[in-house]
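Heads up, the thing below is written out as structure tokens.
Order of the sequence lines sets the chain letters (A, B, ...), proteins ahead of strands, with each chain counted from 1. Keep in mind it's a predicted model, so treat the numbers as computed, not measured.
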There are 2 protein chains.
Amino acid sequence: MVTLAEVAQHAGVSASTVSYVLSGKRSISANTRQRVERSIRELGYHPNAGARALASSRSNIIALMVPLRTDMYVPVMMEIAIAVATTARTHGYDVLLLTGEEGPDAVRRVSGSGLADGMILMDVELDDERLPLLRDGGAPGRAESGVGDDQPAVLIGLPADTTGLTCVDLDFKATGALCVEHLATLGHRDVAVIGEAPAVYERHTGFAERTLDGLRSRGRELGLRLLHRPCEGGYDAMAATLARILDERPGTTGFVVQNESAVEPLLALLRQQGRAVPEDVSVVAICPEQVAVQASVRLTSVAIPAQEMGRHAVEQLVAKLDGRGGDEVVLLAPELTVRASSGPAPVQ
Amino acid sequence: MVTLAEVAQHAGVSASTVSYVLSGKRSISANTRQRVERSIRELGYHPNAGARALASSRSNIIALMVPLRTDMYVPVMMEIAIAVATTARTHGYDVLLLTGEEGPDAVRRVSGSGLADGMILMDVELDDERLPLLRDGGAPGRAESGVGDDQPAVLIGLPADTTGLTCVDLDFKATGALCVEHLATLGHRDVAVIGEAPAVYERHTGFAERTLDGLRSRGRELGLRLLHRPCEGGYDAMAATLARILDERPGTTGFVVQNESAVEPLLALLRQQGRAVPEDVSVVAICPEQVAVQASVRLTSVAIPAQEMGRHAVEQLVAKLDGRGGDEVVLLAPELTVRASSGPAPVQ
DNA sequence: ATAGGTTGTCGAAGCGCTTCGACAGCTTTC
DNA sequence: GAAAGCTGTCGAAGCGCTTCGACAACCTAT
């Protein structure tokens, strides 16, 4: 293991000079800098992370807490995680992967031990247990949580109460609104919403409820008749759900699908029943681009901008860590792309 | 920030005593231990990770390098990553998430800086650039790589040359063999293999080639006629591939699918062409369980034991870090589960 | 009773880095 | 031409922990 001191000796300068070359926190003459850089290269020096963290009380690590369950949106989660890791590196940070398993304890552990400088939380519930630990010392007094030095954090997702929190998310309410608008414009009156698995709603995951809110309130304004049904992924569950929907509202011509693992089953079932897409029924999905273009019918969809969310979250967090306070809540505007799965409602 | 010294003072003992209570490396009287533990609880003490790493030259962190690309097996990757994180925690380790982007440099950086105690690499290519950095100081002399103190590592996947490396993987050769055996037993003679995207083969990812090897050699023994076609995911690509296959071998009655994003398109296309599954054609998939049971036809499949691979990898690595050298190469035995997508070959 | 073990605790050194204050040698300013 | 300000470098303190050797206090075996 090469140390700072060895580099210093090799370059004929003091240790502090090498440190300043590395950090750029004091000016160094071009000459000295070059000698030091050369020594660093020749000796293959890498600063020791532990020593650095100890001396500077900065670990240059961001913790990312991903959901443990894999019952939804796996590709989205993965894409976010990778975007976070990649973006973090461009800012000189590494990423520590935490699972939701430990819950609030993980937050305490990481923040107490100085393992990470800040954290990014995914899969935030409306009233998440971890939030009290993250709010910056706002209203309820100091000793509210035990984490005195508030842990800089960014949420991907939106809890019920965002005071004192920084959040990044797709604007799911606008997303819902956009979907029904599109269908309404095409003349559809009876629209069914294939939602996430019931468990997702029971958990009070914000995005599912916000989407529904957007769908409903805009749907009402536009005079649509909306039927919402949660649905587990897979063919069988979708078959049952579809049967119920068509039983209740035989005139349904528009579908909004939020559960990506219900998309392909739905298309197959519709085909099987002789309902042509988009001639007889239109389908709008809320899903990653890739799913939309790879489906058996190219789907009209609102994309979930996973990468952008990950990138944004990191940038907000880095801004916080640098003392530049970022915005509080960033909602990314949804974009609907028209593809081959939606068209004018059939004349009755 | 509570420090060791504060805990020591609060408990009326010396700092080293507290340290020994924490590490258990020396015996401590029950009385003292309890006093110290009480102080730790009352003060909410968490050892500082940096200081600990510096003093002990152990970070208690495992680095996990995931592929940057998301062109294949995303759910598998995610499941492995989560299993790694979860298992690591049970051994007192945290997980650092690295993307393949940095390549060999990431290995050098992490191992040089002491950021992690060991690493787990996924998506290993047959002749991976990162391997020379990981082989323990074997044949080619000391200065072979620049990483003198060899970085303990475990690969998930199998490179061409495994000397000096610890690897965990599904036995893909046996997997391929198992698939053709199943089809042969059912009386199928003409079998088509829907492979991964061409890029996966060009990259010389071990598992794809090993599967093919197993399929071919066992297929030959059983007297099958095998046709292998790489295939991008999605409906259009699958349609083109299927057309070519049926054009070339109209008598094809068996399919082995390795690309999970080709599964559903294939089923849809077969249905569309009036070929019933499993009456007219049989389909065997190599995919995670979840995909197999959620498909529109419950698929006969060989499962990819993602969780088990992740868990195994961590356990091997922890064993290495504890000085108990693990096995060198662990190949998990494949298991074929018969479901509704395979049946006797039609009589011609 | 005495030499030799155990057991439980402490003090101090040191891990490799950052950072503060000091200062030598300049240049600028009136 | 002295005061004031830069610039570039160094030495030393210290970050919070682990770990080694020392040693008091006790417990055996002779």
Side-chain angles (χ1 to χ4, degrees), chain A residues 1-37 39-40 43-61 92 109-117 149 321, chain B residues 1-37 39-40 43-61 92 109-117 149 321:
Chain A
M1 267 238 74
V2 190
T3 69
L4 229 212
E6 292 172 304
V7 174
Q9 195 179 7
H10 187 271
V13 298
S14 75
S16 46
T17 301
V18 177
S19 178
Y20 287 122
V21 167
L22 251 30
S23 69
K25 291 190 180 172
R26 286 203 182 172
S27 53
I28 298 286
S29 70
N31 190 337
T32 306
R33 160 178 286 104
Q34 278 161 25
R35 277 219 318 290
V36 170
E37 280 166 352
S39 299
I40 288 177
L43 300 178
Y45 169 70
H46 287 272
N48 179 291
R52 188 169 252 196
L54 177 56
S56 64
S57 38
R58 294 287 242 97
S59 63
N60 285 300
I61 289 179
R109 189 168 61 84
V110 166
S111 110
S113 67
L115 232 187
D117 296 332
D149 335 276
L321 294 174
Chain B
M1 266 235 74
V2 190
T3 70
L4 229 212
E6 292 172 304
V7 174
Q9 196 180 5
H10 186 272
V13 298
S14 76
S16 46
T17 300
V18 177
S19 178
Y20 287 123
V21 167
L22 251 31
S23 69
K25 290 190 180 170
R26 286 204 181 171
S27 53
I28 297 285
S29 69
N31 190 338
T32 308
R33 161 178 288 104
Q34 278 161 25
R35 276 220 317 291
V36 170
E37 281 167 352
S39 298
I40 289 177
L43 300 178
Y45 169 70
H46 287 271
N48 179 291
R52 187 169 253 194
L54 176 56
S56 65
S57 37
R58 294 288 240 95
S59 64
N60 286 298
I61 289 179
R109 189 168 61 83
V110 167
S111 108
S113 67
L115 231 187
D117 297 332
D149 336 277
L321 294 174

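- Counting distance only, with no hydrogens placed and no angle test, the side-chain atoms of A:Ser29 and the base atoms of D:dG8 include no donor-acceptor pair under 3.5 Å.
- With D:dT18, C:dT19, D:dG8 as the choices, the nucleotide that has an atom nearest any side-chain atom of A:Thr32 turns out to be D:dG8.
- Each of B:Gly50 and A:Ser14 has a nearest nucleotide on DNA chain D; the 5'-most of these lies closest to A:Ser14.
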Output, in order, the C-alpha distance, side-chain angles, deciding distance and verdict of side chain to side chain contact (heavy atoms under 4.5 Å, CB included) for B:Val13 and B:Val18. CA-CA 7 Å; B:Val13 298; B:Val18 177; 3.7 Å; yes

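- The side chain of B:Thr17 lies closest to C:dC10 when the candidates are C:dC10, C:dC17, D:dC10.
- Residue contacts for B:Leu4: at a heavy-atom cut-off of 4.0 Å it reaches a base atom on one of the strands shown.
- When the nucleotides C:dG8, C:dT19, C:dG16 are ranked by their closest atom to the side chain of A:Tyr20, C:dT19 comes out on top.
- Contact annotation for A:Thr3: backbone-only contact, meaning every heavy-atom pair under 4.0 Å involves sugar-phosphate atoms and none involves a base.
- Between the P atom of D:dT18 and the CG atom of B:Leu22 lies a distance of 7 Å, rounded to the nearest Å.
- Judged by distance alone, with hydrogens and angles left aside, B:Arg26 brings a side-chain donor or acceptor within reach of the base of D:dG21, the pair sitting under 3.5 Å.
- No donor-acceptor contact under 3.5 Å links the side chain of A:Arg52 to the base of C:dT18.
- Put simply, CG on B:Asn48 is 7 Å from P on D:dG16, counting in whole angstrom units.
- The B:Ala51 side chain lies nearest to D:dG16 when the options are D:dT19, D:dG16, C:dC17.
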Is there a side chain to side chain contact (heavy atoms under 4.5 Å, CB included) between B:Ile40 and B:Leu22 once you walk through the steps? CA-CA 10 Å; B:Ile40 289 177; B:Leu22 251 31; 3.4 Å; yes

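- Taking side-chain N and O atoms only, A:Lys25 has no distance below 4.0 Å to OP1 or OP2 of C:dT18.
- Closest to the B:Ser56 side chain, of the nucleotides D:dC17, D:dA22, D:dT18, is D:dT18.
- The side chain of A:Ala55 approaches D:dC15 more closely than any other nucleotide in the set D:dC15, C:dC10, C:dT19.
- Looking at every heavy atom in both residues, B:His46 comes nearest to B:Met1 through O-CE, 4.3 Å.
- Residue B:Ser27 has its side chain nearest to C:dT7 when only C:dT7, C:dC17, D:dC10 are considered.
- Within a 6.0 Å sphere centred on CD of A:Glu37, heavy atoms belonging to other residues, nucleotides or ligands number more than 12.
- Remark: the backbone N or O of B:Thr3 is paired with a side-chain donor or acceptor of B:Glu6 at under 3.5 angstrom.
- Residue B:Leu54 has its side chain nearest to C:dC15 when only D:dG11, C:dC15, D:dT19 are considered.
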